[in-house]
Amino acid sequence: MEVAKIISPYEVASFFMARAYDVQAVEKRWQERWASSGFYQVDASDPRPAQYVLCMYPYPSGPAHQGHVRNYTFGDLIVRYRTMTGFAVLSPIGFDSFGLPAENAAIATGVHPRIFTDQRIEELKASLRGLGAVYDWRREIRSHDPSYIRWNQVIFKRFYEAGLAYRAEAPVNWCPGCQTVLANEQVLADGTCERSGDVVEKRNLKQWFFRITAYADELLNALPTLDWPERVKVMQRNWIGRSEGAEFDLEVQGRPDLKVRVFTTRPDTSFGMTYAVLAPEHPLVDLLVTPEHRQEVDELLQRVKTASELERSSSGGALEKRGAFTGSYVINPFNKQAVPVYVADYVLMSYGTGAVMAVPAEDQRDFDFAKVHGLPIVRTVQPPEDFTGEAYTGEGKKINSEWLDGLEIAEAKERAIAWLEANGIGERKVNYRLRDWLVSRQRYWGCPIPIIYCPRCGMLTVPDEDLPVLAPDDVEFKPTGESPLALHEGFINTTCPSCGGPATRETDTMDTFVDSSWYFLRFCDPWSTDVPFNPELARHWMPVDQYIGGIEHAILHLMYARFFSKALVDLGIAPTEAREPFSRLFTQGMIRMGGTKMSKSKGNLVAPSRYFETVGADALRLFHLSVGPPADDVDWTDQTDEIIEGAARFLDRLWRLAVAPEEVLDRSARVETSGSTKAASVYRQQDEITEADMEVKRATHRLIVRVTEDFDRWSYNTAVAACREFANMLQRYLVQGAHRVVYDEAIDTLLLVMAPMIPHLTAEAWEIRHGDHIHERPWPVADPELAKEQTVTMVVQVNGKVKERVEVPVTIGEAEAESMALSMPKVVHALGGDKPKKVIIRVPRLVNVVI
RNA sequence: GCCCGGAUGGCGUAAUUGGUAAACGCGGGGGCCUCAAAAGCCUCUGUCCUUGCGGACGUGCGGGUUCGACUCCCGCUCCGGGCACCA
């Protein structure tokens, strides 16, 4: 590394007073330079290898909150670091700008959602700039931009044409608070809306769906190939919920025209079926109910219909399983026995066939129901002798199962399925918990679904040349809950693209998760006007090398985006490289306050602007990097401000070390000499390199190794610790008399490795020292010889307890280490003249004398 | 209920392969500088016993493996998250 050209402190006496680190001015200056220089704008023609680093598309809710700050600090660090290591890093950003809050604000204040949203975007952009995060702003996308809406609608059409989008009547989750349909994923376990908290109701409506289930197997099978946090992959696996089993028919006694089809994952337990159950919504219920049981069943159905999701699931538990006997019987094909058919709300119409064979001995839900209704229980698996539970689901040998007796479960399953298939009664079947994605929303502030209904021609898509279909601006936002689109005559009424006659538009808009399901592809080519994005440009950048976001998107967004990517590849719109869109994912922890969620009032207290205006963005960034592992949650406490101030103090000290070393000396010298004299010079005059100098040189190269390794393993907190430790050492070195060449290399290295973390200060200090831009410098490379430790502390133990520590060369031999250890007074004393039983030597770290 | 994480000083945390537990920081104590303060600098800070030297204990709890365990194994407790009648 070249010798730094530093402005001599002797030239201007008041140098460091004049050039004291003015946080606000320096940060502003560099933010403007990064914005205007185009340094972080990259194109596919760039000769450097491509990297794509992306933070999740933010919803613009106004100024950034600390969760954003954390996210974008990590993202910015990677962008700057990878750029320094020689990559052309694509770092785009945009805004997930459709959604309910803007529309609710419009209802409350009358301000149009577009105006509201654009204001919020400007506020968020200001926060991002204030943080010093760098982006290729030319590529900015907003969901509500007509050019984006257009391609959203084109993609919807392609999905529709390929059978991936369809319209169906379905019982949907209706939130009375939001006055709209919710996806299953937006309904919490207790049956309330994740957004408003209202109890969600069931309604039957014609809705638009995306056929994500067509990709269930691929979404599941590709998970192991992804470099994602294991827990996110587990969540996705559970959400897809693949289960293997068999589906088969049960003949209805006395009704040769009817059959009840059931799905089971345990075909081996079929001999233990003692009854069958239909979901209340099952179409056969009406046909199977005998007149004498009609009233009882009707009462049950009535209760189920009015019961909210909440009641139905919470009462579920174990005991109060509600059900009624239909009066009909079905024949168990395995043993030809007739068993009663019940209707019960613990069976769901939406999974499998909506009907099950009940085997109480091997299924706890069936067991609970059988107990309440006095139904027989027949074991088909021999439980262990000490088994004290009710239903037994463990391993064991088959019993009471005729030709399956004595077999293990897995083998019995295969035989049972083979038997069903051979006899034409049923077959092997795989079911998924994953449902198709309901995308219809009865809302204004979203992407309109490009469909026209013609009384003569039926359902038609809007021709490509007429896209985008845009929502009209002249609507009234009223708290009636109905979408303004459904009330706007000018929007609804149109002409049929086929026959030219009068027709009406679809008034539903798309779930905003649609917008965020392909934006990362549009970022590759946000300028294209003839296709959603140029596939060659997408091929160049995709897949995203590092995707960063919150754990809260582990299931929904990440599943939808994977589905979209696969579908777009199959439709020929995206290149195969995009099939799995995010090769590496990092999910950061959440910011918590007072142990729970951030309240609005408290949330305001931690607005980042408060720190930008005082300690500066670098201090806030340094705090977020150092407070703990990036994946862990952060508790925002009383201590937090003090830690941030500590970060600011460190920055001041780093500034002095880099551009005003004489001040460091001055401040320390006052202690050393009680202020009577000042050292004559910052640096030692002698030219020879001493062992102390070599120690600093070696520490410098070790710093490069440490920080680089820590960056690569997402351990920013330890990278910061390494830098602080190094700075502490440099300060002592300076006070004790530094060799100028060694010191300059050390401080330059420290600035370089911290440049991705605290870009403003390092850029300013570097410019003063060298006159050029630190972020355009290459990442430092350690000399492996220098990075090696020369000496190490060897521990001498007696029976595993540390007795002595001694500095030894790393090259120490076993014999030397042993004799050194055995001659130590404490070891000699412990031995008391005896020979050690055993000596364990692990050079150069440890000798353990066992006596 | 099932599936994942996690538990280390007063606090946030570190220990990358089974080898010095507590790096780095926050807070706190003492000191220097100052008329004084702020800032800065130096220093101490796991617990207990001891005047000191030194010693004992110490990574949620109980066992185990090992010369040696924060780390591996078995059994628990508590906390956080996900799923929750998915047959």
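Side chains included, hydrogens not; waters and symmetry mates left out as well; all remaining heavy atoms used. Residue numbers start from 1 in every chain, and the chains themselves are labelled A, B, ... in the order their sequence lines are given, proteins ahead of strands.
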Quiz prompt | G46(B): syn or anti, per glycosidic angle within 90° of 0 | solution =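 The base of G46(B) is oriented anti (glycosidic angle more than 90° from 0).
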
Go ahead and name the base partner of [N]; Watson-Crick or wobble counts if both distances stay under 3.5 Å, otherwise write none.
N: C57(B); value: G46(B)
N: G18(B); value: none
N: G40(B); value: C32(B)
N: A69(B); value: none
N: G5(B); value: C79(B)

Taking the [atom1] atom in each of [N] and [M], what is the distance between them to the nearest angstrom?
N: C26(B); M: C79(B); atom1: P; result: 33 Å
N: A14(B); M: G9(B); atom1: C1'; result: 13 Å
N: U71(B); M: U17(B); atom1: P; result: 14 Å
N: U45(B); M: G81(B); atom1: P; result: 38 Å
N: A87(B); M: U77(B); atom1: C1'; result: 34 Å
N: C4(B); M: C42(B); atom1: P; result: 49 Å
N: U66(B); M: A56(B); atom1: P; result: 24 Å

From C-beta outward on [X], which listed nucleotide comes closest to its side chain: [options]?
X: Ile643(A); options: G68(B), G25(B), C41(B); answer: G25(B)
X: Arg656(A); options: C41(B), A14(B), C67(B); answer: C41(B)
X: Thr793(A); options: C83(B), U20(B), G55(B); answer: U20(B)
X: Glu725(A); options: G82(B), A23(B), A87(B); answer: A23(B)
X: Thr265(A); options: C3(B), G27(B), A87(B); answer: A87(B)
X: Asp710(A); options: A87(B), A21(B), U16(B); answer: U16(B)
X: Asp363(A); options: A87(B), G82(B), U16(B); answer: A87(B)
X: Gln639(A); options: G25(B), U16(B), C67(B); answer: G25(B)
X: Ala721(A); options: G12(B), A84(B), A23(B); answer: A23(B)
X: Gln797(A); options: G80(B), G19(B), A14(B); answer: G19(B)

Looking across every strand, which nucleic acid part, if any, lies under 4.0 Å from [X] by heavy atom: base, sugar-phosphate, or nothing?
X: Arg649(A); value: sugar-phosphate
X: Arg805(A); value: base
X: Gly352(A); value: nothing
X: Lys837(A); value: nothing
X: Asn717(A); value: sugar-phosphate
X: Asn431(A); value: nothing
X: Thr640(A); value: nothing

Quiz item: Closer to the 5' end of RNA chain B via nearest nucleotide, is it Val850(A) or Met235(A)?
Solution: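 Final value for this comparison: Val850(A).
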
Quiz item: Would you say Lys233(A) has more than 12 foreign heavy atoms packed within less than 6.0 Å of its NZ?
Solution: yes

Quiz item: Counting only heavy atoms not in Arg433(A), do more than 12 sit closer than 6.0 Å to its CZ atom?
Solution: yes

Rounded off to whole Å, could you give me the [atom1]-to-[atom2] distance for the [X] and [N] pair?
X: Asp368(A); N: G1(B); atom1: CG; atom2: P; result: 14 Å
X: Lys801(A); N: C67(B); atom1: NZ; atom2: P; result: 16 Å
X: Glu552(A); N: G80(B); atom1: CD; atom2: C1'; result: 16 Å
X: Tyr351(A); N: A84(B); atom1: OH; atom2: C1'; result: 14 Å

Quiz prompt | Distance-only donor-acceptor test, Arg724(A) side-chain atoms vs G25(B) base atoms, 3.5 Å | solution =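 No.
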
Ring-plane angle category for [X] and [Y], please: parallel below 30°, perpendicular beyond 60°, tilted otherwise.
X: Trp636(A); Y: His624(A); value: tilted
X: Tyr342(A); Y: Tyr275(A); value: perpendicular
X: His557(A); Y: His553(A); value: perpendicular

Exercise. State the CG-OG1 distance between Leu284(A) and Thr353(A), to the nearest 0.5 angstrom.
Key: 10.0 Å

Practice problem: Might you point out which heavy atoms bring Leu250(A) and Met273(A) nearest each other, and give the distance in Å? | Solution: CD2-CE, 3.7 Å

